[in-house]
Amino acid sequence: MTSTPLATTNGRRWITLAVVGLAQLMVVLDATVVNIALPSAQADLGFTDGQRQWIITAYSLAFGSLLLLGGRLSDLMGRKRTFIIGLIGFAIASALGGAAGTFELLVAARAMQGAFAALLAPTALAVLTTTFVIPKERARAFGVFGAIAGAGGAIGLLLGGILTEAFDWRWNLYINVFIAAAALIGALIYIPFIARTGPRPKLDVPGTLLVSGGLFGLVFGFSNAETDGWDSPLTWGMLAAAVVLLGTFVLWQRRAKHPLLPLAIVLDRNRGAAFLSVMVAGAGMFGIFLFVTYYLQLTLGYSPIQTGLAFLPMIGMLVLAAQLGTNIFVPRFGPKVLVPSGMILGVIGMIWLTFLDASSVYAANVMPPLMVIGFAMGTIMPASMQTATLGVNREFAGVASATVNTSQQVGGSIGTALLNTLAATAAADYLAAHTPVTPEVGVDAALASYATAYWWGAAFFAAGAVMAALLFRRRGDGISLSHDEQPAAGADVDPVVVH
């Protein structure tokens with residue numbers, strides 16, 4: 001007997017979207033909300049500058065390395081059960097972090113947050129994928145969800161500034177308890193439990209260990225490159241181990257009886273292009289947040305709240321583009337047109353940012369390129385996320401959704417490490433070429449480093465535009481906005497459905 005959709009009435013479906021949107025927002029903003037609170041936390045707990053980065057890295061390591069496991073657990077345990085466990089665990093970890101009296105407890109709490117976020121993020125997207133089966137509603141829902149995924153980092157910067165200045169750094173963690181409580185109430189009421197039918201598959205333990213270890217090495221390696229440099233043996237050692245483990249994982253998935261990630265999911269051209277597009281967008285997005293934040297605070301002297309508010313126009317354009325794209329442009333043109341167009345807008349916005357200097361005015365010089373980049377992200381993310389989960393059998397919706405989140409997380413880690421290294425090298429070269437070093441030279445060196453990062457960010461988006469244009473199929477050639485498990489005869493559906 002075929003299971004019914006997760007929500008049976010129109011009203012329940014949209015409340016379900018609000019619930020999973022809250023969870024996704026909490027997961028994404030927690031990657032940045034703590035950043036602005038770090039100086040206050042460091043003064044309170046007394047940890048060193050070298051230790052500070054572990055407050056960020058502990059979250060990203062646990063989150064990035066456990067995402068595929070979290071997605072598969074949601075397939076095996078059921079969406080509602082996994083979602084509730086993730087919410088409760090994330091709330092407990094946040095409360096522990098907020099109450100932490102030592103550096104070690106704070107790092108442990110951040111790692112716990114990342115682990116439960118790895119349960120929440122793919123489950124939230126899987127709930128959305130299996131709830132909205134009507135093409136027009138699916139497009140609208142993914143527009144909202146993609147906007148949240150793209151804007152969450154900027155919202156985290158704004159929220160972090162407000163909470164740190166108005167209350168205390170600990171409220172950057174405590175706030176999650178209230179968000180999780182609201183989402184938990186909604187989940188208990190509006191996400192029904194659906195009983196599994198048929199034989200229960202087993203968890204692919206070797207595959208889980210291989211991919212979790214590989215993703216850990218990948219995220220750790222790029223994070224270490226950001227702090228210790230590319231010449232660090234630990235950086236290259238972890239990256240080499242990641243390549244070996246992930247390569248072995250792929251070979252194992254070809255012969256595993258119950259594969260963790262059936263290769264047909266990622267080898268389909270549309271899905272592969274979507275995953276790569278999300279990765280490129282993640283690299284560009286985190287780079288923007290990092291260097292524009294540095295520029296606003298260190299060069300223009302903005303406060304944390306002012307910095308967060310400066311990103312609001314970007315968020316507004318992102319939301320606008322997400323709605324226009326998924327409701328009008330994706331159904332009409334498909335991702336083959338829309339995603340490369342978004343990438344090209346990203347190139348334009350990045351190049352525009354290279355013209356910023358110490359005398360730039362926000363309204364005339366900073367806000368316009370941020371709005372262009374916001375529109376670019378809102379064009380890329382929802383279309384890619386919708387395509388990445390399209391046509392996947394309900395049994396594997398969780399792990400397919402986890403692959404989307406993994407792509408964004410890995411892209412963010414790679415982009416941040418590469419851009420930070422390139423920017424630091426550019427600053428050092430500028431200082432070496434302009435002696436004696438005066439305060440004015442220091443400011444110019446920082447601006448040169450930011451410009452270098454923006455140029456490389458533009459290169460990322462340009463490569464993404466070419467990749468997306470070549471890989472995505474034309475509209476009508478294997479693309480459908482339907483997600484029915486048993487499509488009507490003659491319907492236009494994604495030809496690759498994993499069973």
Side-chain angles (χ1 to χ4, degrees), residues 28-42 49 52-53 55-57 59-60 150-165 169 172 223 226-227 281-318 346 349-350 352-358 360-363 365-374 376-377 411-413 415-424 426-427 442-443 445-458 460:
V28 177
L29 69 81
D30 246 69
T32 57
V33 71
V34 177
N35 292 28
I36 291 177
L38 277 179
S40 299
Q42 184 175 2
D49 288 343
R52 185 170 59 187
Q53 56 111 1
I55 308 299
I56 307 298
T57 305
Y59 182 87
S60 60
I155 294 172
L157 292 174
L158 173 59
L159 187 62
I162 293 172
L163 291 173
T164 301
E165 288 195 19
W169 69 267
N172 288 277
S223 298
E226 185 184 355
T227 55
M285 179 175 63
F286 282 98
I288 280 294
F289 293 150
L290 179 66
F291 293 103
V292 174
T293 298
Y294 284 165
Y295 170 74
L296 292 174
Q297 291 192 345
L298 301 181
T299 304
L300 298 187
Y302 279 30
S303 70
I305 291 181
Q306 287 175 318
T307 301
L309 290 173
F311 284 102
L312 282 181
M314 177 182 174
I315 297 172
M317 294 302 290
L318 192 155
M350 285 288 195
W352 199 340
L353 286 173
T354 64
F355 292 97
L356 296 179
D357 57 32
S360 294
V361 178
Y362 173 77
N365 307 112
V366 182
M367 185 172 69
L370 286 183
M371 292 176 70
V372 171
I373 292 170
M377 298 302 299
S413 298
T416 301
L418 284 177
L419 293 177
N420 202 49
T421 302
L422 292 164
V443 170
L447 291 171
S449 71
Y450 304 153
T452 299
Y454 300 144
W455 277 113
W456 278 98
F460 290 170

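Because the structure is predicted, anything quoted here is derived from the model rather than measured.
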Q: Take Leu353 and Ile373 through the test side-chain contact (heavy atoms from CB on, under 4.5 Å) and record every step on the way to the result.
A: CA-CA 10 Å; Leu353 286 173; Ile373 292 170; 3.6 Å; yes

Q.
Tell me whether the count of non-hydrogen atoms from other residues, nucleotides or ligands lying under 6.0 Å of CH2 in Trp456 goes above 12.
A. no

Q: List the steps, then state whether side-chain contact (heavy atoms from CB on, under 4.5 Å) holds for Thr293 with Phe311.
A: CA-CA 9 Å; Thr293 298; Phe311 284 102; 3.8 Å; yes

Restricting to non-hydrogen atoms, name the atom on [X] and the atom on [Y] that form the minimum distance, rounded to 0.1 Å.
| X | Y | answer |
| --- | --- | --- |
| Ala427 | Ser449 | CB-CB, 3.8 Å |
| Ala453 | Ala423 | CB-CB, 4.4 Å |
| Ala283 | Gly415 | CB-CA, 3.8 Å |
| Ala376 | Gly346 | CB-N, 3.5 Å |
| Met317 | Met371 | CB-O, 3.5 Å |
| Met367 | Pro313 | SD-CG, 3.6 Å |

Q.
Tell me if a side-chain donor or acceptor on Tyr362 pairs with a main-chain N or O of Ala310 at a distance below 3.5 Å.
A. yes

Q) If you round to the nearest 0.5 Å, how far is CG of Leu312 from CG of Leu318? A) 12.0 Å

(Q) Distance check, rounded to the nearest 0.5 Å: Leu296 atom CG versus Leu370 atom CG? (A) 7.5 Å

Q: Give the C-alpha distance, both sets of side-chain angles, the deciding distance and a yes or no for side-chain contact (heavy atoms from CB on, under 4.5 Å) between Tyr295 and Ser360.
A: CA-CA 11 Å; Tyr295 170 74; Ser360 294; 3.2 Å; yes

Q) Mind checking whether Tyr450 and Tyr454 have parallel, tilted or perpendicular rings, split at 30° and 60°? A) tilted

Q | Side chain to side chain, Leu447 and Leu356, heavy atoms closer than 4.5 Å | A | no

